[in-house]
Number of protein chains: 2
Amino acid sequence: MLQANADIDNSEALTERQKAVLDAVLRLLVEEGDQLTMTAVARRASCSKETLYKWFGDRDGLLTATVQWQASKVRVVPVDGKGLDLAWLTASLEGFASDWLKVISSDTSIALNRVAISHAGSGKDNLGAVVLENGRFALARRLKPVLEAGRHAGLLEFTDAETAFRSFFGLVARDVQIRLLLGDRLELTEATIGGDAVRATQQFLALYGAKTGRKASDS
Amino acid sequence: MLQANADIDNSEALTERQKAVLDAVLRLLVEEGDQLTMTAVARRASCSKETLYKWFGDRDGLLTATVQWQASKVRVVPVDGKGLDLAWLTASLEGFASDWLKVISSDTSIALNRVAISHAGSGKDNLGAVVLENGRFALARRLKPVLEAGRHAGLLEFTDAETAFRSFFGLVARDVQIRLLLGDRLELTEATIGGDAVRATQQFLALYGAKTGRKASDS
DNA sequence: GCCGAACCGTAACGTACGGTACGCTTCCAA
DNA sequence: TTGGAAGCGTACCGTACGTTACGGTTCGGC
């Protein structure tokens, strides 16, 4: 199982200059993928290679720091447990779906996932674990309380929150991420994402909504 | 959009020796990921590097040939349109789900997708397009006739087969592929796959099944 | 038996790139 | 003013690897 903990929010320890360097790495990663060279980073960030090695150790350290830096930036706001009625639940789910689609279709996410996947192949570091931890697992951690709240309010029915979450995940993401990672041109406009979020949410409610007050189904 | 056509079944043009070489590449790819070297391939396949270059042009050509060779091997049997009742439809969908889960969780698929994704980052070749074409799009081409048949028989209700397919895809795959690609240990046993296939099928039928004769729902 | 094609094994070449060393400038702080 | 830390730019080193070259071997055709 992936190691989750550790290095949660070491973004504190980064100076502004270092953050700027990592942003440069991010931009470079988006532009030309994993074959970015230390020389290119140094040139783009207007710093010396020696500084890069002093700050980040080696190339993998730089990549890891970049992934974590990006992760620390997308730390989203926790959902507010206001109403706890169906409208609130629906809005929350649609919000999660929309946010997630925006994330996985962003250039940055695609680039980062690509490099993490490449590295996962040659098990050198745990870049994949970091990405997973700050992506799919972070989403689950944030969404599950909402699902539990929905169940507690009698709006949802499920026995295992993890299973319910994974169904929601599947209904939202479908084939989007793998297609984008493999280079498929798939323009997700704001409107498309909004529509998909609504559809996914409705489908999820159809599957896991409480039978009272909503046509539901299960097996 | 991805170019689909061309090189459909150039596996004819491969000699047995060449196929053996590509199988060696496949094995090597599974074992040590994308950082396989031409020297390693030559050693493993007991052939000379000169031969590799004569046959496949360069490293990318070798990789492309390998991906296509693997793709030509997994050409599955078309589903037989026998009964056209609910049992047949359910069994077909479960079969598709099970097959797909087996594919995406196989070492070979993971390794191939990883290298294709890496290459998609640095848009050198169209490895990603080849993988997509023989993976997700091939699945859609095989499944859609089943969905259409189900609709024609009054068992399914949907307006767009593509949308219905993507929902099915999402319900089946969920987070499995991205987790595996990112290096998450996720053992999919035969039993797990079978259960997931049944669950995904039931959920799909709940969403897209005709309202008559089955508890259905939609928005 | 002989020739050439195909191919194996290996040595060699060139380059790209990770990592290091060093000189120079800037900028505090004593 | 000066010493030193931090950092920039660049030259340099070592190595890994893609690619090429070449000698030796097998084998089918004459």
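Below, chain A is the first sequence line, B the second, and so on; all start at residue 1.
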(message) Is the phosphate of D:dC17 approached by B:Arg43 (side-chain N or O, under 4.0 Å from OP1 or OP2)?
(response) no

(message) Expressed as a whole number of angstroms, how long is the span from B:Arg44:CZ to C:dC8:P?
(response) 16 Å

(request) Find out whether A:His119 and A:Asp34 are in side-chain contact, i.e. whether some heavy atom of one side chain is under 4.5 Å from a heavy atom of the other. (result) yes

(message) Regarding B:Arg27 and B:Glu32, does a basic nitrogen lie under 4.0 Å from an acidic carboxylate oxygen?
(response) no

(message) Under 4.0 Å between a side-chain nitrogen and a carboxylate oxygen: does that hold for B:Arg44 and B:Glu31?
(response) yes

Nucleotides 20-29 of chain D: which of its N/O atoms have a protein N/O under 3.5 Å away?
unit_1	atom_1	unit_2	atom_2	d
D:dC22	N4	B:Glu50	OE1	2.3

(request) Provide the closest heavy-atom pair for B:Lys19 versus B:Leu14 in the form atom of the first, atom of the second, distance. (result) CE-O, 3.5 Å

(message) Can a donor-acceptor pair be found, under 3.5 Å and without considering hydrogens, that links the side chain of B:Ser109 to the backbone of B:Ser106?
(response) no

(request) Provide, to the nearest angstrom, the distance between the CZ atom belonging to A:Arg17 and the P atom belonging to C:dT26. (result) 16 Å

(message) Measure CG/B:Leu62 against C1'/D:dT19 and give the value in whole Å, please.
(response) 13 Å

Polar pairs (N or O, both sides) under 3.5 Å between protein and nucleotides 13-17 of chain C?
none

(message) Using a strict threshold of under 4.0 Å (side-chain N to carboxylate O), is an ion pair present between A:Arg174 and A:Asp196?
(response) yes

(message) What is the distance, to the nearest angstrom, from the CG atom on A:Leu52 to the P atom on D:dC8?
(response) 8 Å

(request) Examine distances only and state if a side-chain atom of B:Ser98 and a backbone atom of B:Gly95 form a donor-acceptor pair shorter than 3.5 Å. (result) no

(message) Below the 4.0 Å mark, does D:dA6 have OP1 or OP2 next to a side-chain nitrogen or oxygen of A:Trp55?
(response) no

(message) A:Phe168 and ring pair (Phe, Tyr, Trp, His ring centres under 6.0 Å): which single residue from A:Phe158, A:Phe204, A:Phe96, A:Tyr208 fits?
(response) A:Phe204

(message) Can you measure A:Lys54 atom NZ to C:dG19 atom C1' for me and round it to whole angstrom units?
(response) 15 Å

